[in-house]
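Have a look at the structure below, then the notes.
Residue numbering restarts at 1 for every chain, and letters A, B, ... go by the order of the sequence lines.
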2 protein chains.
Amino acid sequence: MQAWPVDNSFQAFKRQLPICRNSVYSEFYDFFRDVIKVKRESAAIKNLETICTATFELASKHGFDAMSLRDLSRSTGISMGGLYNYIGSKDELAQMVNDFLSRRLAPMAALNNPKQDKPRDLLETLLRTAIYMGSLFRPWYRFVYMESKTMARKQRDQAKSFDLYDTQRLRELIEAGVRAGDMDCANPELSASALLAMVQDWYLKSWKYKRNNIDPDDYADFLVSTMDKLLACKDQ
Amino acid sequence: MQAWPVDNSFQAFKRQLPICRNSVYSEFYDFFRDVIKVKRESAAIKNLETICTATFELASKHGFDAMSLRDLSRSTGISMGGLYNYIGSKDELAQMVNDFLSRRLAPMAALNNPKQDKPRDLLETLLRTAIYMGSLFRPWYRFVYMESKTMARKQRDQAKSFDLYDTQRLRELIEAGVRAGDMDCANPELSASALLAMVQDWYLKSWKYKRNNIDPDDYADFLVSTMDKLLACKDQ
DNA sequence: GTCTATAGTGCGATAGAC
DNA sequence: GTCTATCGCACTATAGAC
């Protein structure tokens with residue numbers, strides 16, 4: 001029984017995803033229609049892109065807490081008062097990024113997944129999706145990873161529970177594979193953590209991978225082959 | 001030819017290391033004798049421990065930049081003026097931690113390494129050393145990883161070059177193993193990055209590993225077995 | 001050697017002009 | 001809808017008492 005061939009490339013992923021790098025700020029505007037005071041849509045979307053881009057840039061250089069709204073105002077060319085038509089407060093800006101990624105952007109990738117039965121193939125899809133999403137929206141993922149610890153207690157715990165959730169989802173697939181006899185793994189929990197650490201390294205150390213000309217397909221291929229070795233997968 | 005059996009446990013590592021958790025602040029005082037204005041040694045060492053411990057705690061909660069010297073003063077019970085007898089400035093405090101780890105603490109582990117020839121065994125020693133050092137001095141490693149990006153340009157570049165150096169050292173050992181016919185690895189650079197990401201995950205996500213009762217020996221054993229699988233090592 | 005008090009700076013946020 | 005001007009506050013760092 002031969003499964004229908006699946007195109008696992010970054011190209012194919014982008015084609016199927018119901019959002020792209022260009023439409024993300026239009027989605028962002030829709031998502032926060034209620035809190036954003038500016039009603040002229042086209043200008044608002046353009047300014048949101050400017051604000052987010054500058055925030056990612058400044059926060060990655062000195063941390064979100066060290067970034068002042070004066071810095072942000074200077075970088076974006078939008079006055080202090082103008083910024084408050086978009087963000088409510090500085091803390092709220094960080095929360096908006098966090099919420100948009102976890103409630104809107106990330107869920108879109110899940111819709112994209114092909115229907116598969118074998119745990120090993122589900123694992124591959126899960127890992128590839130994480131790498132491809134991280135490639136398309138790297139600044140968002142980086143920001144949430146790095147800054148979630150500085151946010152309010154509630155947000156910090158949320159970040160931890162996302163990490164635990166991801167680890168657990170990987171672990172359960174590994175355990176299912178072992179039960180099915182397709183894999184061999186002495187420590188599903190640690191193996192899941194290791195795979196997750198490799199996923200996160202992709203957007204945390206983008207400078208290193210760019211330097212070495214590793215593209216998303218290269219990294220995803222490597223990650224999947226590592227998974228196959230780590231879990232001694234049959235029929236790779 | 002049977003090599004002398006090597007004790008690779010955390011216990012054995014601690015026994016051989018010429019520094020321990022208790023003596024680290026005495027070393028710290030020695031290392032910064034010139035800049036620390038307090039000359040009464042015993043009191044100075046005790047206060048340095050209080051200051052560093054509180055700094056790690058506060059910085060891990062909200063980031064070093066968000067931590068104020070008032071917070072630090074309150075946590076340590078040392079007045080604002082008193083702090084300046086130890087640290088010169090807030091930025092200098094971060095640099096002291098960074099310098100002490102990279103110039104004093106980390107080099108001590110290197111002295112500890114047994115003499116070994118085979119690339120695979122050298123790799124094991126390197127990885128175990130990293131995990132055990134990270135276990136003993138976790139807050140130091142965490143702080144430097146998380147805060148180096150917020151430091152001055154020079155320090156940021158230093159952090160990157162340490163990462164590149166570690167990756168390269170791992171890669172060269174992998175390449176040597178492949179040449180010697182002991183390993184099989186299609187992509188030494190990415191394999192080295194993956195191992196390094198797992199090392200760093202150990203001190204970045206300590207909360208997760210503590211939660212699951214993973215101790216340093218468990219993690220080091222898992223890391224080495226992962227290395228053996230990833231590199232298809234012979235004679236493990 | 002450690003404290004209190006404070007100088008001087010830059011912050012987040014807002015009110016009100018246009 | 002965006003700007004300028006400004007308020008009140010918290011910060012780092014220091015000076016001088018003890």
Between Asp65(B) and Asn47(A), whichever has its closest DNA chain D nucleotide further toward 5' is Asn47(A)

Winner on side-chain proximity to Met80(A), out of dA13(C), dA13(D), dT2(D), is dA13(C)

From the list Val24(B), Val38(B), Asn47(B), Leu48(B), side-chain contact (heavy atoms from CB on, under 4.5 Å) partner of Tyr29(B) resolves to Leu48(B)

From NZ of Lys90(B) across to P of dT9(C) the rounded distance in Å is 19 Å

Closest to the side chain of Ser79(A), out of dC3(C), dG12(C), dT2(D), is dT2(D)

Ile36(A) CD1 to dT2(D) P, in whole Å, measures 12 Å

Arg74(A) atom CZ is separated from dC3(D) atom P, nearest whole Å, by 15 Å

Test: Arg128(B) and Asp217(B) ion pair at under 4.0 Å: no

Atom OH of Tyr84(B) and atom C1' of dT14(D) are separated, to the nearest Å, by 9 Å

Leu93(A) CG to dA13(C) C1', in whole Å, measures 15 Å

Check the angle between the aromatic planes of Tyr203(A) and Tyr145(A) and answer parallel, tilted or perpendicular using the 30° and 60° thresholds. perpendicular

Between CE of Met67(B) and C1' of dA10(D) the distance, given in whole Å, is 15 Å

Proximity of Phe56(B) and Trp140(B) rings by center, below 6.0 Å: yes

note: Lys39(B), atom NZ; dG1(C), atom C1'; distance rounded to Å ~ 12 Å

From NZ of Lys37(B) across to P of dG1(C) the rounded distance in Å is 11 Å

Hey, does the side chain of Tyr86(A) come within less than 4.0 Å of dG1(D)'s phosphate (OP1/OP2), counting only N and O? no

Phosphate OP1/OP2 of dA10(D) contacted by Ser68(B) side-chain N/O (<4.0 Å): no

Practice problem: Please evaluate the base of dG12(C) for a donor-acceptor partner in the side chain of Arg70(A) within a cut-off of under 3.5 Å? | Solution: yes

Can you check salt bridge (charged side-chain N to carboxylate O under 4.0 Å, His left out) on Asp163(B) and Lys160(B), steps first, answer last? CA-CA 5 Å; Asp163(B) 195 296; Lys160(B) 284 191 184 180; over 6 Å; no

